[in-house]
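Structure first, commentary second.
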Amino acid sequence: MTTAPHHLASVFVELAGGGGQGPPGVPTLLNRLTDRSKELLAVRATAVTFSPGARDAPRVAASDAAVRRLETDAVAWGEGPGPACRRAGRPLGGTALSGAVARQRWPRYAPRALALGCTHTAALPIRGHTGPVGALVLLATRRTALTGDLMALGQSLADFAAVTLLREHEVEASRTLAAQLEHALSTRVVIEQAKGALTARHALSPDAAFTVLRGYARSHRRLLTDVAREVVEGRLDPK
């Protein structure tokens with residue numbers, strides 16, 4: 001396995017989010033990792049799973065659609081090289097998919113992978129600050145030996161991509177939180193405006209006005225914010 005240094009460097013720049021095209025985002029990075037690892041490692045297919053937090057739904061990408069479906073099922077089953085590598089937190093060496101070990105450990109995964117023309121598999125952890133956050137799965141044929149050098153390069157790709165993946169995940173989380181806070185603020189504002197409108201119209205206290213709004217929303221099975229907005233716009237008087 002030989003790779004021109006300038007090409008290898010360009011791949012690492014791409015995995016770092018370089019290229020002057022702006023932040024790539026997690027889905028784009030996962031696709032880049034699968035595409036470039038398949039290319040550089042010369043394997044039949046690659047897949048990656050990524051879930052940095054316990055509450056984060058696993059994201060799955062693969063070098064082709066059939067492998068993506070297989071790895072998505074593997075995550076749901078908790079079976080296969082990817083989940084095994086993620087749990088162990090260390091590389092899973094080359095394993096023959098037709099062998100007794102694979103058949104016993106992965107009774108659903110191994111036949112599906114064999115049907116896709118893959119004979120061997122390995123997996124490498126995607127490591128975060130506190131432990132594994134995913135796995136890079138390699139699916140090979142007999143023509144590609146899953147050697148120590150190949151595994152080392154694959155681990156380098158996974159480790160390098162992990163830095164960018166975690167950074168982009170944090171950016172996404174910050175954007176989501178900002179949107180949630182903005183929504184909460186706008187909701188609070190319209191409710192306060194509606195309370196003020198009812199207070200002025202019916203000489204109610206702010207607490208009594210809120211009770212009226214909430215009671216109307218509950219009795220009519222409507223969102224409180226929608227009721228409040230109609231009150232502010234003068235289209236509804238729930239008193």
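Just the heavy atoms: all of them, side chains too, but no hydrogens, waters or symmetry mates, feed the values below.
- How far CG of L29 is from CG of L33: 8.5 Å, rounded to the nearest 0.5 Å.
- Following chains of ILVMFWY side-chain contacts shorter than 4.5 Å, one cannot reach V43 starting from L116, and the two form parts of different hydrophobic clusters.
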Check: Can you list the steps and then say if L41 with L153 is a side chain to side chain contact (heavy atoms under 4.5 Å, CB included)?
Finding: CA-CA 8 Å; L41 305 178; L153 177 55; 3.8 Å; yes

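- Ring orientation note: the planes of Y216 and H220 are close to parallel, at an angle under 30° on the 30°/60° scale.
- Within 6.0 Å of the NE2 atom in H202, the count of heavy atoms belonging to other residues, nucleotides or ligands exceeds 12.
- Remark: the backbone N or O of G80 is not paired with any side-chain donor or acceptor of R105 at under 3.5 angstrom.
- Counting all heavy atoms, side chain and backbone alike, P58 lies closest to S51 at CA-CB, 3.7 Å.
- The environment of R142 atom CZ is sparse: at most 12 non-hydrogen atoms of other residues, nucleotides or ligands sit within 6.0 angstrom.
- For R90 against P125, the heavy-atom pair with the smallest separation is C-CD, 3.8 Å.
- For the side-chain contact (heavy atoms from CB on, under 4.5 Å) with T46, the qualifying choice from L139, L157, V137, T34 is T34, the only one to do so.
- Across all non-hydrogen atoms, the minimal contact from L124 to M151 is CD2-CE, 3.6 Å.
- Nearest heavy-atom pair across A228 and L213 is CA-CD2, 4.4 Å.
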Note to self: T95 vs L97, test: side chain to side chain contact (heavy atoms under 4.5 Å, CB included). Steps then yes/no.
What the structure shows: CA-CA 6 Å; T95 303; L97 288 163; over 6 Å; no

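- Around the CZ atom of R214, the shell of radius 6.0 Å holds more than 12 heavy atoms that belong to other residues, nucleotides or ligands.
- The CZ atom of F50 sits 7.0 Å away from the CG atom of L30 when rounded to the nearest 0.5 Å.
- For R201, the CZ atom is densely surrounded, since the number of other residues' heavy atoms within 6.0 Å is greater than 12.
- Grouped by direct or indirect side-chain proximity (heavy atoms under 4.5 Å, Ile/Leu/Val/Met/Phe/Trp/Tyr only), V60 sits with V75.
- Both L92 and W77 are members of a single hydrophobic cluster when ILVMFWY side chains are connected at heavy-atom separations under 4.5 Å.
- For the side-chain hydrogen bond (donor to acceptor under 3.5 Å, both in side chains) with R44, the qualifying choice from T144, D64, T121, T119 is D64, the only one to do so.
- Under a 3.5 Å cut-off, the side chain of D226 and the backbone N or O of R222 do not form any donor-acceptor pair.
- Ion pair D73/R112 flagged as a salt bridge, since at least one NZ, NE, NH1 or NH2 atom sits closer than 4.0 Å to an Asp/Glu carboxylate oxygen.
- The distance from the CG atom of L114 to the OG atom of S98 is 6.0 Å, given to the nearest 0.5 Å.
- Under a 3.5 Å cut-off, the side chain of T164 and the backbone N or O of A162 do not form any donor-acceptor pair.
- The shortest side-chain heavy-atom distance between C118 and T141 does not fall under the 4.5 Å cut-off.
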Checklist line | Evaluation steps, side chain to side chain contact (heavy atoms under 4.5 Å, CB included), between F210 and L224 | finding: CA-CA 10 Å; F210 180 73; L224 180 59; 3.8 Å; yes

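- Comment: E192 engages R188 in a salt bridge, judged by a side-chain N to carboxylate O separation of less than 4.0 angstrom.
- Salt-bridge annotation for E71 and R68: absent, with no side-chain N of the basic residue lying under 4.0 Å from a carboxylate O of the acidic one.
- Counting all heavy atoms, side chain and backbone alike, A122 lies closest to L146 at CB-CD1, 3.8 Å.
- R59 places none of its side-chain heavy atoms less than 4.5 Å from the side chain of T49.
- In this structure, D159 and R127 have side chains that are in contact, with non-hydrogen atoms separated by less than 4.5 Å.
- For the atom pair L136 CG and K38 NZ, the distance stands at 13.5 Å (nearest 0.5 Å).
- Using a 4.5 Å cut-off on side-chain heavy atoms (C-beta onward), V231 and P238 make contact.
- Considering all non-hydrogen atoms of both residues, E79 and W106 come closest at OE2-C, 3.0 Å.
- One distance of note links OG1 of T147 with CG of D149; it measures 5.0 Å at 0.5 Å rounding.
- Between R32 and D35 no salt bridge is recorded (no basic side-chain N to carboxylate O distance below 4.0 Å).
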